[in-house]
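Counting begins at 1 with the first residue of the sequence. Numbering of ligands and ligand atoms starts at 1, following listing order.
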Amino acid sequence: MSYLKSFIKKYFTHFTYFYIHLRHRIFFALVLSILVGLLDGFGLAMFLPLLEMVDGKGEASSEAMGNLGFLVDGLKSLGLTLDLKTVLLVMLLFFMLKGLAKFFETYYRVIVQQYFIKKLRLENIDYLTHYNYKAFVTADAGRIQNTLSGETERVVAAYRSYFMSMQMAVMLIVYVFLAFLANPQFALLVAFGGIFSNFLFKLIYKKTKELSRKITAVGHNYQGLLIQKVAFFKYLKATGINLQFSERLKKAIQEIENYNLQTGYYGAVLQAIREPITIAVVVMVIIIQVSYFDQGLGLIILSLLFFYRSLTFLMALQTSWNSFLNMSGSLENISDFQRELRKAQEKFGNQKVDSIVQGFELKDLSFSYGNEVVLRNINLKLSKNQTYAFVGESGSGKTTLANLIAGLMPPSEGRILLDGINYSDLDLPEFQKKIGYITQEPIIFNDTIFNNVTLWAEPSETNLNRFWKALDNAAILDFVNNLENKAETLLGNNGINLSGGQKQRMSIARELYKEIEVLILDEATSALDVETELIIQENIEKLKGKMTILIVAHRLSTIKNADQVVLLENGDLEGMGTFKSLINISEKFKNSVALQNI
Ligand code: ADP
């Protein structure tokens, strides 16, 4: 019983995964395979009447065909006289029909395969898009990256070999069935031949499988080293480790090639012994049939044809099943990955807020990462178009608070309301379009300055005006004007390298370009020199009163003019008030201000 269970689990978990994605398509493809097999078999069966004619008989009879006699009877009942010409034509017809069926089968397979790949990719993008932020920050970025790229390719390869195996199994069954119809003794010999060859090839398959695993592992290592070589290029070069590092890469290449060579060796052995073994079995079968069963040569030859085909498909089945098993790890990985992502999809409601009327309210809000409480029982009102500064020591929860307000993750306890609407009822993605978020790590896309700032807007006159204004407000207009290609200059890896400060200003320009109502600045100006920081501060100053601004700040000088300062300590809300009033309320704040010489 447990054997049966593990058998079903082993063979049908994968089937279930494919079935969920492809449904009826799987069965339709299999029906086409059966059709190809049957038409081919019927065509082959026509050799028998031909042989009879060679034997000197004028017309074909059904007796000589074993249980396949129905074919001859059927044709006769259609009013056909089975002379040489008719038999040849019928045979031709069967093979032409087979050709047609083969075309549909092959083409349909490609269609289903493309459908599967596309569905998988689109599904993964959707899962990733709606992956909740909290789960994302604790996820393994390497695994996400790898699963969405290389591993997806491997799943597609797994799909290909899985269905190739199914198809081969179908063909095998069809031929065994036909062979059985023609000559039942024969079917037993087919089974014997199958088991015999299976036993022989298993040893080689095992070896190939081991090697394939090794190749994958070394491949991971190689990819990892390569990524690091590119990412740390400057460091490796500057410190003279470049050559030493190259040796490691070369060693990995050597290993991969060695394993590939070994796989090639076993592959060659497999290819070479396949045919002789098949023929050996065929020879044995002929001898057995002629010497012990005293069968007519015609039926033996027909059975042999079926037998030979069966064996061919059996071997093809073994090969494709083996290559499927080699990829099955990737299949398991992707179904686990998708399950995890599905479980951690963000949820949101459908209430829309066209424009903020009053502002935000945080009620008894707490937030934890696992057991670690990061924010505790926060009650806070943030009015529209006011500027708030979140201050506190590093790790006190300032960024987390900003993230919660940005709707990146739901509070563990308590609520966040926007104009009285609970965030959980809000169409958050729609609302988030009104949020500008600038972090310590500036975001620069591999694209032109214009596209980086406008996020691929049409270069219409209005948009261009908005674009130049945003550059001006972010204090980067002069820099861009001095570039040879101006707004069309490429940024990022393929373009010019900006300094940390320039990147930051570019990110700020992007947010200023958008029509936002909330601007979150998370240590946004910390990478800038004092002079640029002052310029940007002045520009942000200009935005004061036009939008709700939340500033997460270390440097207290930057938030002097905030309407309200929110002081956090160890996840607790310590106090709130204007810069001046907070100095009077909080001893801690007073000390921090004194420390920073403000
Ligand atoms: P601040 O912005 O005030 O420096 P944060 O809000 O970034 O503080 O972090 C508050 C606390 O939450 C810190 O103790 C930090 O270690 C913890 N924290 C932040 N992100 C994560 C995370 N992804 N997983 C677990 N703990 C986290």
Margin query: Heavy-atom contacts with ligand 1 below 4.0 Å: which residues, ordered by chain and residue number?
Written below: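 Contacting ligand 1 under 4.0 Å are Val137, Tyr369, Glu372, Val374, Glu393, Ser394, Gly395, Ser396, Gly397, Lys398, Thr399, Thr400.
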
Notebook entry, point to check: Asn485: what forms a side chain to side chain donor-acceptor pair (under 3.5 Å) with it, not counting sequence neighbours?
Noted result: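 Partners of Asn485 under the side chain to side chain donor-acceptor pair (under 3.5 Å) test: none.
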
Next item on the list: Flag the pair Phe324 / His14 as yes when their ring centroid distance falls below 6.0 Å, and as no otherwise.
Entry: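 Yes - the distance between ring centres of Phe324 and His14 falls below the 6.0 Å cut-off.
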
Check: Does the ring centre of Trp456 sit less than 6.0 Å away from the ring centre of Phe445?
Finding: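 Yes, ring centres under 6.0 Å apart.
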
Next item on the list: Would you tell me whether Lys514 and Thr454 have side-chain atoms, one donor and one acceptor, within less than 3.5 Å of each other?
Entry: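 Per modelled atom types, Lys514 and Thr454 side chains form no pair under 3.5 Å.
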
Margin query: Going by side chain to side chain donor-acceptor pair (under 3.5 Å), name the pairs with one or both residues in residues 396-405, residues two or more places apart or in two chains.
Written below: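 Qualifying pairs, neighbours excluded: Thr399-Asp522, Asn403-Tyr437.
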
Notebook entry, point to check: How would you list all residue pairs meeting ring-ring contact (aromatic ring centres under 6.0 Å, His included) that involve residues 330-363, not counting sequence neighbours?
Noted result: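 Qualifying pairs, neighbours excluded: none.
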
